[in-house]
Structure formats: C-alpha cells, structure tokens
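Below is one structure, written out as structure tokens; the observations come after it.
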Number of protein chains: 2
Amino acid sequence: MPSVREIAESVNVSIGSVSRVLNNQPHVSPELRAKVLKAVNELRDDSAMGSPGVTTSIAFAYRGQSFLSPYDAALLHGIAEGLAPTEHDLMVVNTARGRGLGGSLGQTLIRRGVAGVVFRAATKDHGLFSELATERFPTVVIAERIESEHIGCVHFDAELAIAQALSHLVQQGHRKIAIALNAIDDYDHAQRFAAYQHFLAKHDLPTDDRWIIRSPGWDSNGGSALRKLMALPDRPTAIFMTDPGLGSGLCIEALRMGVRIPQDLSVIGFDDSEGRYDTFPRLSSVCQHVGLLGETALQHLLDVIARRSAPREIKLECSFEPLDSTAAPFSDL
Amino acid sequence: MPSVREIAESVNVSIGSVSRVLNNQPHVSPELRAKVLKAVNELRDDSAMGSPGVTTSIAFAYRGQSFLSPYDAALLHGIAEGLAPTEHDLMVVNTARGRGLGGSLGQTLIRRGVAGVVFRAATKDHGLFSELATERFPTVVIAERIESEHIGCVHFDAELAIAQALSHLVQQGHRKIAIALNAIDDYDHAQRFAAYQHFLAKHDLPTDDRWIIRSPGWDSNGGSALRKLMALPDRPTAIFMTDPGLGSGLCIEALRMGVRIPQDLSVIGFDDSEGRYDTFPRLSSVCQHVGLLGETALQHLLDVIARRSAPREIKLECSFEPLDSTAAPFSDL
DNA sequence: TTGAAAGCGGTACCAA
DNA sequence: TTGGTACCGCTTTCAA
C-alpha cells in the first residue's frame, strides 16, 4: 500500500484530501476522488511487489444468494488451488450486501487490504465493472465477456463443442433435437442456446418452440423437463441439457419413468467437472472444467496485479465427450 | 482493535513489548507473549462492540487440500448465509500454508483483522486448538468434540439416528449388515463406525471383518465397495454407506451391474443435504443438515465474540429418513 | 472543497 | 529480554 504522501504527490493534492478519499468521507469532489483512486491502484503494486512477504488478500466477489452451487464450489476450489503457493488470503465478498457507509466497491476492497478481485458475474453487473475499471482496481470477471481494456475476463467458449455434440446426434440419425435451458439467462446459458439455434439453422433441422424447455437449473427440474418432453405429441428423439443439474435430474427421472437412455431418448449433458461419470447412463457431455476456469482467472489476476500482463480476454475451449447416452433414434430402426 | 497503550496498561508492560508481540518479532519471552495475546483478545471486543459499524472478518479455517468437497461447500454456504445480515466479511484460510514468518495462528488472524474463526477440523488439529485456547482467540470448531472451556464446538450426533436406521433393517429381517467407511478417520466417521459396532453387539447380530469396507470417500469407490460386497461368499443382505459420495457411487454401480436395490440388496445411505432425492432408488438415509451446522457454528461464534455466550459444545441430532432403498432381504422370502 | 498543522497511534532504535 | 523515546504515517480539525 503506497503512503498518503506518495499518492498526494502523484496527483498534486494534500495528504488530507487523499485520506478523505480513502476513508470515503464526504466533502470530496468526484473528480478528485476518481483521480486519487486511480493513482492508488497504479501506485500500490509497484511498491508491493518490491518487498517480498507482503501478504494481502485476493477477493472472490459474487452477487446475491447464488453462492455455492456446485459451480461456485468448483470455481472457489480452482482459486484456492492457485492461491496455495502464494502468500495471499482469500476473501469472499457478497457485493449485494451494504458495504459499510457506501463508497465504491474498489474503495472498500482497498481499505480491507485486497490486492485484486475475481468477480463471478451472475446477472448484469456492468455498473460495478465500469466503476472498478475507472478506478483501475485489478479485476478479472469470470464467465462473461467484458469490453473494457482495464478489466480482464475469462470465459468458456462452448460454440464449437456444442456443434460437435449436435453433429454427433445428427450423424446417428437424429433430426428433432430439444433443448433444456437453465432459467438463469446469464452469458454462458445465452451462448449455449445461441449455439443450438445456430446449429439447427445451419443444418436445416426442424425447430419447435415446445422443444425449448426452460426451468431453474436444479436437479429435480431435469425430471420435469423429461416429463414435459415425453408428453409432446411428436416428440424429439434427443435432448440437449445445457446445465449439469438438469442432466443428472433427467437421468434419475428416466429411471423412475422407465424411459431408457439412449434407446428411447438420446441425451447430451453438460458437465462442469467430472459429474458425467456419476450418472446412469454416463451422459455424453459438453464439458468445461470450471476448476481450471477459476485457476486461470486467478493466474491472470495475479499477472495483472504484478503488471506482468495487461487485462485481457481469455477464452477457454469446451470439449465434447461422447459416452453412453447417445445412440441412433428408436423410431429410425 | 485496542491500542497498544491500552494493552500495555492492562498487562503492565511497555508499548514496545506489545508491538513486538503483535508483529511476531523475536526477543519476547513466551510468558509475556501469552499474556499479551490473551489480553488482546479479552480487550478487543469490549471496545469493538461498543462502536457500531466496525467491520472485521470472520475466518473459515481448514487444513490441507480437503477444501471444497460438497461437504465444505454446504458448510460455507451456511456460514455465508449467517454472515449476510452482519457487517463481517468472510476470509478463507488454509492453516497448512506457511503463515508469513511463523507466529501463532491467532496472532496472524489478529493482524488481519479477523474477529473469530470457524475451524473445520479434518485431522487432529489439537495443537492449534490449544494454542488458540490459551490466546483466548474466539474459535468454534466444527465436527469434532473439543474439551477446552475456551473453544466452542458444534457437531452432529449420529448415534441415535444410526440405531434407528439399523433397527429399520433388522425389523425388515436383515441380520447380516455390512458397512462402507470413508478411509478418512475423522471424528464423524469414527462415531459412525462405533455406532454401527455398538448396535450390532447390542442386538447380537453377526459380525465379519470382511463386511467392513474402507475406501476413500469418492463416488467411484461406492462402486468398488459394491463389487467387493457382491464377491463375498456368504454376503450381507444390507449395507450402510457412511458417506454421501459412497452411497451415490454404489447406486450407479448397482445399475451397471444389474444389482437391484432393494430387492437384491438393501442400502442405507448418509446424506449431508438433499442428495438422497437425487439417486435411483432414493436412498433411505441417515441425514445431517451440513448447512445448518455451518450456520449454527457461525451464530455461536458471533455470540462468543460479542460475549453473549461462553464457548460451549453444541450437539445437533441426525435423523433417519426411510426411502426406497430398504426392503426385506431376498434370501428370506 | 481544499490545504496546513496538530494529534494520535505504531514501530524501531537504543540503553539497561 | 525489556522499557523509554524518537520517529513516521494517518486522521482530524481548523482556517481559508
């Protein structure tokens, strides 16, 4: 952390004004505030990196109550892994909660000794992001594309792997392919739906609004998706579950209903880690390694903090792994 | 945080000595160190609680790499829930990592502005606990019984629920009951095994060393437990899986092998949250709500910090929920 | 709203 | 190892 004198000198104000900004006190002009905060973030790591053994924290920020789905757990695990060899602590911050007496998120984090933040974007947090960007607070956003040159982002690109998965179905003879979507319409899920629509359009496959099943992404809703599907008059022969929970829920419900996978229905799942081996049958899945996502985001953040790299967009590729849940459609035999 | 002068006065030493202790510098006698640290912890909340809006952190401590199994995730979720209405942050600390230049865990946490710690006991951390106890650092240990009067602990008592579960099997006609154990021999798992042995002895049921199957608690090992069991010459008609992962792994493997549950084998599972509804068949389970465990531990810690309560042992009860995986043994029909 | 300076708290050095 | 003291940095007050 640079001293108030250093900061004061670099922006040509008095140390008192710097102190006021840092402590989020009133009677400071917005311009001066922005100037000071930007200077703080530009100065602090130059000095911090010089002296070894300086321990600060890295924050994992999320918004709302979405904390600790299996997705978040895998993410945190990756971050904790990456943090292990460093001297940093991990601070978990819910940005939805009131942050003391207001003030920007960056200010709050600076005061708590946080060197940088990995932000798990859930809904649209772009207001927060642009604030962090103008303050130059080291920030890496997960699972969202960010345009700012001052903010890094790491996300998976599922387009190619989804095309492979759907091709796999088409090669086996499927033409009517349904999709189950998590009702949470974040960047990832929007991308998955777009990739599905794009593929269908490109290969002249039939579409039907009833084949698009939206539900909250919990396990049990995979079951309700299956029931909705089976009740359709001219039902699809395959379904793409765009969320891990939906896929495993569907497998359970299929066993209860006596629907045989893949004989009666082919299923493509989505896997965040290794869950595809723990269903029956093992779901042919579009796979993204969320732990790696967390670790990659953390490494990039550490690079940004140490100025080894400028904030940038990092794209990780999903992969398709065919397992036991896909076969030729029954009706074609 | 009390000032060095306050602390110095309360223990009758110079402010210099207090500073040395707090910064973990050499040339301090162990007695003085202990005295000062104890005084710090006794003073800090008296003052801190007086002034509202003071934000400090709560630490979640774990040891080694066991971080973020589904168990940990549920725990953290409970803690984050309980923290939401407060002004505290959550800091995640791996105690296995080198803590700066040494010094006690309590010292390190004090310096980082941590008000108290929820400790997830994995292996025997009693050295750390007694250190925290002599320093009077507010500590609540999860899933372990601690004897110290200065440390709180919250754990589940599974004895009764396990007896109910096994009685349920006996009433259905089972006598040969196997058990699958997580190789991690922590307090919880030791208790589960003891409860099983105790029940068998009390009801004059047969025992056999080969019916005790130990394996690391990951899903796939539930499958290997099943294969070991089915290979036995005079095999048990029921098995008690003492770990959630083992139970779900067994269900999957049973489907692959064509072993029908409960017709060919009755199974009692163990559930940390709601996983019992996401297997096929739904496992009759001994249930503990791990999220509640985390929330309870946090509430107790907040009480201890605010001196609303002395550190104590809190025991939560497990429950038994019969579902679809238990029936009369096949061989008896 | 901002700058100057006093006040307060913590560290580091030196003597015992 | 411990206490005394000088020093240094941040905050707060006061005047402009």
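Quick note: numbers below take in every heavy atom, side chains included, and nothing from hydrogens, waters or symmetry partners. Proteins get letters first, then strands, A, B, ... in listed order; numbering begins at 1 in each.
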| field | Residues A:Glu313, A:Arg145: salt bridge by 4.0 Å N-O rule | value | yes

| message | Expressed as a whole number of angstroms, how long is the span from B:Lys35:NZ to D:dT1:C1'? | response | 13 Å

| With respect to the side chain of A:Val28, which nucleotide from C:dT2, D:dG9, C:dA12 is positioned closest? | C:dT2

| Phosphate OP1/OP2 of C:dT2: any A:Ser17 side-chain N/O under 4.0 Å | no

| query | Out of C:dA5, D:dT2, C:dG10, which has the shortest distance to the side chain of A:Ile15? | reply | C:dA5

| Base, sugar-phosphate, or nothing for A:Val13, non-hydrogen atoms under 4.0 angstrom? | sugar-phosphate

| field | A:Ser309 side chain near A:His300 side chain, heavy-atom distance below 4.5 Å | value | yes

| From the list C:dT11, D:dC10, C:dT2, which nucleotide is the closest neighbour of the side chain of A:Arg5? | D:dC10

| B:His27 side chain: which of D:dC10, C:dT1, D:dT1 is closest? | D:dT1

| query | Choosing from C:dG10, C:dG3, D:dG3, which nucleotide comes nearest the side chain of B:Ser3? | reply | C:dG10

| said: Nearest 0.5 angstrom please: A:Leu37 CG to A:Phe137 CZ, how far? | reply: 10.5 Å

| query | What is the distance from CD of B:Gln25 to P of C:dC14, rounded to the nearest Å? | reply | 14 Å

| query | With sequence neighbours excluded, what pairs up with A:Glu317 under the salt bridge (charged side-chain N to carboxylate O under 4.0 Å, His left out) test? | reply | none

| said: Using a heavy-atom cut-off of 4.0 Å across all strands, would you classify B:Ser29 as base, sugar-phosphate, or nothing? | reply: sugar-phosphate

| request: Taking atom CG of A:Leu316 as the centre, report whether more than 12 heavy atoms of other residues, nucleotides or ligands fall under 6.0 Å from it. | output: yes

| request: Grab the CG-P distance between B:Leu22 and C:dA12 for me, whole Å please. | output: 12 Å

| note | Considering only heavy side-chain atoms of B:Arg20, the closest of C:dG3, D:dG9, D:dG3 is D:dG3

| query | Is the distance from OP1 or OP2 of C:dG10 to the nearest side-chain N or O of B:Asn23 less than 4.0 Å? | reply | no

| Integer-rounded Å distance: C:dT2 P and A:Asn12 CG | 13 Å

